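What you are looking at is a predicted structure, and each value in this text was computed from that prediction instead of being measured. For the numbers below, each heavy atom of this structure counts, side chains included, while hydrogens, waters and symmetry mates do not.
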Amino acid sequence: MQISILDDYFDTLRTLKCFGKLAGHDVTVWNNHVQDVDTLAERLRDTEALVLIRERTQIRDALLERLPKLKLISQRSVYPHIDIDACTRLGIIVSSGQHADTPSYATAEFAWGLVLAAMRAIPQQMASLKAGNWQIGVGHTLRGKTLGIYGYGRIGAVVAGYGKAFGMEVLVWAREPALAKARADGYETAAGKAAFFEQCDVLSLHMRLVDGTRGIVTAADLARMKPTALLVNTSRAPLIEPNALVNALRAGRPGMAAVDVYEKEPLRDTSDPLLTMDNVVCTPHLGYVSRDEYEIQFTDIFDQIIAYAAGAPTNVVNPDVMGKRRQPD
């Protein structure tokens, strides 16, 4: 099959053990990100199987209509960036394993790294030292403070465990089924959303972005946070109401933020307010970006291609396509 892989920024996938699964196929790897439909249509004109790295590229109807040879999109996890209805109409299978029992430990670890970095101002202290200065302030320890987990899913549960290991009081807010799970795991749950935002010293977001969670964190929520509190977002930027975080940080509640996700990615505007604030630690969506995580994710993704080529597609998220799917050569 003609396979194309988009957005492999550092040409990492060829170096993974699992890449050998694609032996015998014609694989093209693109290392630079583009979203222009004309450019993508030209790049992918002969593509039969398209591999996506999470949500880096939007795959919409205008592009799909111009890819008559495309039979399969293979990726992992959620797919808000893919026009599933258009894929079904055009006979394109979307395979995307949801890895129900395997949280992204890479993302959980990175979230905890951001907590430590922000509470102790590690990036700022490093910059000061490299500039020929010494200490620039006094940080905060974590033991005894309250860690808020907003959204108690796979990753949120792991981060809660990290907080417990650091001697923090863990407080959870989520939908009722997730709250019940948190209680069963031995964690306290908040009396309500307002109390949750008021009590937390560190508040970490761990939700999927769907219609029901878009803008779920409001300006009023942030205004309830302590002036010493830290908000951490390694999930999705639109979970927070537009402009609310920047305005809240300027108002001093919360006092700090650590952000790995943005409204528009890649973020290249160095004048973006989040990048200019001394009380914000910003990273370029690195949560899941580790060699170990890539090996796990792309083993699944490449296995989906092998299954499709064998005539038995797996993890199909648009099963209505099966009667009109484009057949493998």
Carboxylate-amine/guanidinium contact R66 D38, below 4.0 Å: yes

Are any of the side-chain heavy atoms of H206 and I149 separated by less than 4.5 Å? yes

Could you tell me whether the side chain of L245 reaches within less than 4.5 Å of the side chain of L274, counting heavy atoms only? yes

With a cut-off of 6.0 Å (strictly less than), are more than 12 heavy atoms of other residues, nucleotides or ligands near CG of D211? no

Ionic contact status for R183 with E176, cut-off 4.0 Å: yes

Hey, any chance V316 and L90 share a hydrophobic cluster, counting ILVMFWY side chains that come within less than 4.5 Å of each other, even indirectly? no

Check ion pair R60-D83 (N to O, under 4.0 angstrom): no

Give a yes or no on whether Y162 and L231 share a hydrophobic cluster (residues Ile, Leu, Val, Met, Phe, Trp, Tyr; joining criterion: side-chain heavy atoms under 4.5 Å apart). yes

Is the charged tip of R56 near the ring of Y9: under 6.0 Å from the six-membered ring centre and within 45° of its axis? yes

Is R89 paired with D85 through a side-chain N to carboxylate O contact shorter than 4.0 Å? no

Does a donor on one side chain and an acceptor on the other come within less than 3.5 Å for T15 and R291? yes

Less than 4.0 Å between a side-chain N and a carboxylate O, is that true for K264 and D269? no

Do H285 and E265 have side-chain atoms, one donor and one acceptor, less than 3.5 Å apart? yes

Are the aromatic rings of W112 and F166 close, with centres under 6.0 Å apart? yes

Membership question, hydrophobic clusters at under 4.5 Å side-chain separation (ILVMFWY): are I53 and I59 in the same one? no

With side chain to side chain donor-acceptor pair (under 3.5 Å) as the criterion, how do Y152 and D185 come out once you've worked through the C-alpha distance, each side chain's angles and the decisive distance to 0.1 Å? CA-CA 11 Å; Y152 193 77; D185 289 345; 2.6 Å; yes

Heavy-atom distance under 4.5 Å between the side chains of Y79 and I84, does that happen here? yes

So with a 6.0 Å cut-off around NZ of K164, is the heavy-atom count from everything else above 12? no

Per side chain to side chain contact (heavy atoms under 4.5 Å, CB included), I73 is matched among L67, V317, I93, I82 by I82

Stepwise side-chain contact (heavy atoms from CB on, under 4.5 Å) test for M207 and I216: CA-CA 10 Å; M207 288 171 282; I216 197 168; 3.8 Å; yes

Ring geometry between Y294 and F298 (parallel below 30°, tilted from 30 to 60°, perpendicular above 60°): perpendicular

Mind listing the closest non-hydrogen atom pair of P284 and D260 along with its distance? C-OD1, 3.8 Å

Hey, quick one: are F302 and L6 part of the same hydrophobic cluster, counting side-chain heavy atoms closer than 4.5 Å, chains of contacts allowed? no

Would you check if T47 and K69 make a side-chain contact, meaning some heavy-atom pair closer than 4.5 Å? no

Whether the D26 and Q2 side chains hold a donor-acceptor pair (N or O, under 3.5 Å, no angle test) is what I'd like checked. yes

Is any side-chain heavy atom of L142 closer than 4.5 Å to one of L116? yes

Is it true that R236 and E55 make a salt bridge, defined as a side-chain N closer than 4.0 Å to a carboxylate O? yes

Using atom types as modelled and distance alone, determine if a side-chain donor or acceptor of T283 lies under 3.5 Å from a backbone N or O of L286. no

Is T234 reaching over with its side chain to a backbone N or O of G287, donor-acceptor style, under 3.5 angstrom? no

F197 side chain reached by T218 side chain, heavy atoms, under 4.5 Å: no

Report yes if the side chains of R14 and V29 come closer than 4.5 Å at any heavy-atom pair, otherwise no. yes

Are V202 and I122 connected in the hydrophobic side-chain network, where two residues link if heavy atoms are under 4.5 Å apart? no

Consider only side-chain N and O atoms of S74 and Q304, and report whether a donor and an acceptor are under 3.5 Å apart. yes

Under a 3.5 Å threshold, yes or no: a donor from one side chain and an acceptor from the other, between Q75 and S96? yes

What verdict does the side-chain contact (heavy atoms from CB on, under 4.5 Å) test give for R54 and Q297, after you've listed the backbone C-alpha separation in whole Å, the side-chain angles of each residue and the deciding distance to 0.1 Å? CA-CA 10 Å; R54 299 299 291 266; Q297 291 194 16; 3.4 Å; yes

Indicate yes or no for a side-chain donor-acceptor contact from D8 to the backbone of L13 under 3.5 Å, with no hydrogens or angles considered. yes

Could you walk me through whether Q98 and V78 pass the side-chain contact (heavy atoms from CB on, under 4.5 Å) test, one step at a time? CA-CA 7 Å; Q98 299 303 301; V78 294; 4.2 Å; yes

Can you find a pair of side-chain heavy atoms, one from I92 and one from K71, that are under 4.5 Å apart? no

Counting only heavy atoms not in N133 (residues, nucleotides, ligands), do more than 12 fall under 6.0 Å from its CG? yes

Over 12 non-hydrogen atoms of neighbours within 6.0 angstrom of CZ in R253: yes

N-O pairing of D221 and R224 below 4.0 Å: yes

Candidate pair V170 and E188, rule side-chain contact (heavy atoms from CB on, under 4.5 Å), full reasoning: CA-CA 6 Å; V170 177; E188 294 292 325; over 6 Å; no

